[in-house]
Amino acid sequence: MLQAVPNLGGLSSTAVTLFSTYTSGTQAIYEQWFTNGPFWCASLAASLMLVRSMTNHVIPKVQLRRYIWSPLSSHHTLVINEYCGLTVNHVFKAAEVYLRSKISTPSMEKDQEVTDSFETIKLKWRYSCIRLSSSSKSLDSQKRQFELTFHKKHKAKVTESYLPCVLAQAKAIQDEEKVVKLYTLHGSNSSRTWRWTNLKHPATFETMAMEPEQKRLILDDLDRFVKGEEFYRKIGRAWKRGYLLYGPPGTGKSSLIAAMANYLKFDVYDLELTSIRDNSELREVLLSMKNRSILVIEDINCSVDVQNRAKKLGSQIPYSGLHQKQDEKVGVMSKSITLSGLLNFIDGLWSSCGDERMIVFTTNHKDKLDPALLRPGRMDVHIHLSYCTPNGFKTLTSNYLGIQESNPHRLCGQIEGLMETTEVTPAEVAGELIKSDDADVALEGVVNLLKRKKAESEIILIDQDEGTKKETEMPQTKRQKTKDNNVSKFFKNLSKKVGISHVGSRKRRRQGWP
Ligand SMILES: Nc1ncnc2c1ncn2[C@@H]1O[C@H](COP(=O)(O)OP(=O)(O)OP(=O)(O)O)[C@@H](O)[C@H]1O
């Protein structure tokens with residue numbers, strides 16, 4: 001039995017006929033529904049014409065007679081056609097999905113009936129498929145429709161409550177069944193198109209190694225956003241939300257985007273800004289995106305010159321708004337996408353095209369971004385993804401080894417203790433955990449990793465004696481940032497002393513450094 005759902009929007013659609021209704025008995029009525037709920041629009045003359053047209057084309061005469069001319073019938077029937085003119089009728093589509101969940105076959109057979117109930121109301125659905133031209137066998141020559149019959153005293157309830165519930169239920173079913181897609185840009189210059197593949201990233205909020213409170217805040221924000229159509233309309237803002245994910249490499253920025261997409265069932269558009277010619281191409285590409293989607297621009301400070309202008313001016317580098325810079329990551333010349341072009345797309349006039357859109361930027365260096373990009377209203381939510389915490393570790397051991405918090409492994413306490421004082425990314429921990437199914441072996445690997453990292457940081461303590469005394473009094477996040485700098489300063493200093501160039505930690509280890 002279908003239950004009433006509170007706060008459902010009306011049967012909004014573009015201005016097209018969604019369904020027609022007629023009552024049994026001599027007083028046949030033909031009604032049409034338009035945008036923003038029921039809107040009775042057919043004049044008597046138009047009604048008669050439409051009834052005649054129905055008589056001729058839509059409903060077989062026998063059935064029509066039965067519905068319309070039987071004077072004793074107390075029932076009312078809605079006819080929901082597949083098309084309203086040339087447009088697909090979304091009530092028909094919703095009914096199709098909804099009824100599929102009520103039958104055992106993949107779709108309804110011709111003339112099949114399904115009974116349903118809503119509160120105390122009994123309803124009967126019937127699917128009919130009428131061939132318009134006997135000579136043609138193509139699908140286009142068929143007129144498909146649903147007929148929904150119920151007692152006429154329930155007409156208001158059915159149209160105002162039951163059908164919105166059918167729509168909501170169909171949307172929930174479609175969301176459940178939806179496979180999230182990953183779009184990337186293909187083609188060159190004038191023929192840029194988005195091509196998609198299924199996004200099979202398994203990340204979910206359950207598998208993310210994050211503080212539970214941080215997860216809860218993000219989920220609450222996403223829930224508020226998807227339910228916020230009315231709210232955004234009321235406050236006169238485009239229904240979109242900007243997220244900035246920042247933190248060191250391997251802390252889960254990309255995984256969080258996948259988890260968000262899987263949670264919302266939003267498609268992901270992965271935009272490589274360096275492949276876009278200029279601001280106008282950027283606009284075109286963005287306008288061709290669909291609603292209910294997440295636009296992702298990863299490593300924003302590698303893709304476009306969005307570095308802090310104040311800092312640049314301070315360093316005597318002129319900021320012209322038009323930049324050609326060597327892209328360090330992909331080794332190509334970044335074209336003339338400007339900061340103002342990017343800001344325009346985030347909150348300029350045309351950014352309000354489309355609904356339910358999210359924009360996610362990621363960066364490893366938030367401090368290098370121009371403050372204009374960080375201003376509230378542009379990036380609404382800033383999420384710091386940081387090193388692995390004991391809570392994050394618990395999630396990872398549960399994911400990889402099935403170890404539950406209630407029954408921890410003997411090494412868990414030691415690892416969590418080391419994590420309090422040692423910086424290790426969730427990716428590094430995951431890298432150890434995936435090496436073996438044997439919890440003893442995998443967790444020994446994590447212990448060794450942490451000890452190695454701790455040893456590295458102790459070398460820094462000796463080298464940066466003055467600085468580290470101050471660091472110990474800093475909160476964790478500040479300490480992490482400062483330490484990143486200290487690591488590189490230390491290795492730069494050391495390199496000078498021993499005559500080697502500055503290298504990354506993996507390379508350092510290969511060269512025999514701790
Ligand atoms: N917070 C996390 N929770 C669960 N797994 C994580 C997390 N962070 C990293 N991982 C693991 O490490 C791998 C790499 O992480 P991911 O690519 O999401 O990091 P990133 O921050 O986007 O890195 P980069 O800045 O280099 O792009 C993931 O596939 C996942 O297995």
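Both ligands and their constituent atoms are indexed starting at 1 by order of listing.
Residue Tyr400 approaches ligand 1 through these ligand atoms, each under 4.0 Å from one of its heavy atoms: 31 (O). Set against the non-hydrogen atoms of Ser255, the atoms of ligand 1 under 4.0 Å away are 15 (O), 16 (P), 18 (O), 28 (C), 30 (C).
Among the atoms of Thr251, some N or O lies under 3.5 angstrom from an N or O of ligand 1. Between Ala430 and ligand 1, a contact under 3.5 Å exists for no N or O pair. Note: an N/O pair closer than 3.5 Å links Gly250 and ligand 1 by distance alone.
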| Working for side-chain hydrogen bond (donor to acceptor under 3.5 Å, both in side chains), residues Glu405 and Ser398 | CA-CA 8 Å; Glu405 201 177 338; Ser398 160; over 6 Å; no

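Atom CD1 of residue Ile297 and atom CG of residue Leu271 lie 5.0 Å apart, to the nearest 0.5 angstrom.
Asn391 places no side-chain N or O within donor-acceptor distance of the main-chain N or O of Ala209, the cut-off being under 3.5 Å.
Closest to atom 22 (O) of ligand 1 by heavy atom, among Ala209, Ser254, Gly431, is Ser254.
No option in Lys290, Lys240, Arg292 other than Arg292 meets the side-chain hydrogen bond (donor to acceptor under 3.5 Å, both in side chains) test with Glu356.
The shortest side-chain heavy-atom distance between Thr362 and Leu244 does not fall under the 4.5 Å cut-off.
When heavy-atom distances to ligand 1 are checked against a 4.0 Å cut-off, Asn364 comes that close only through its side chain, counted from C-beta outward.
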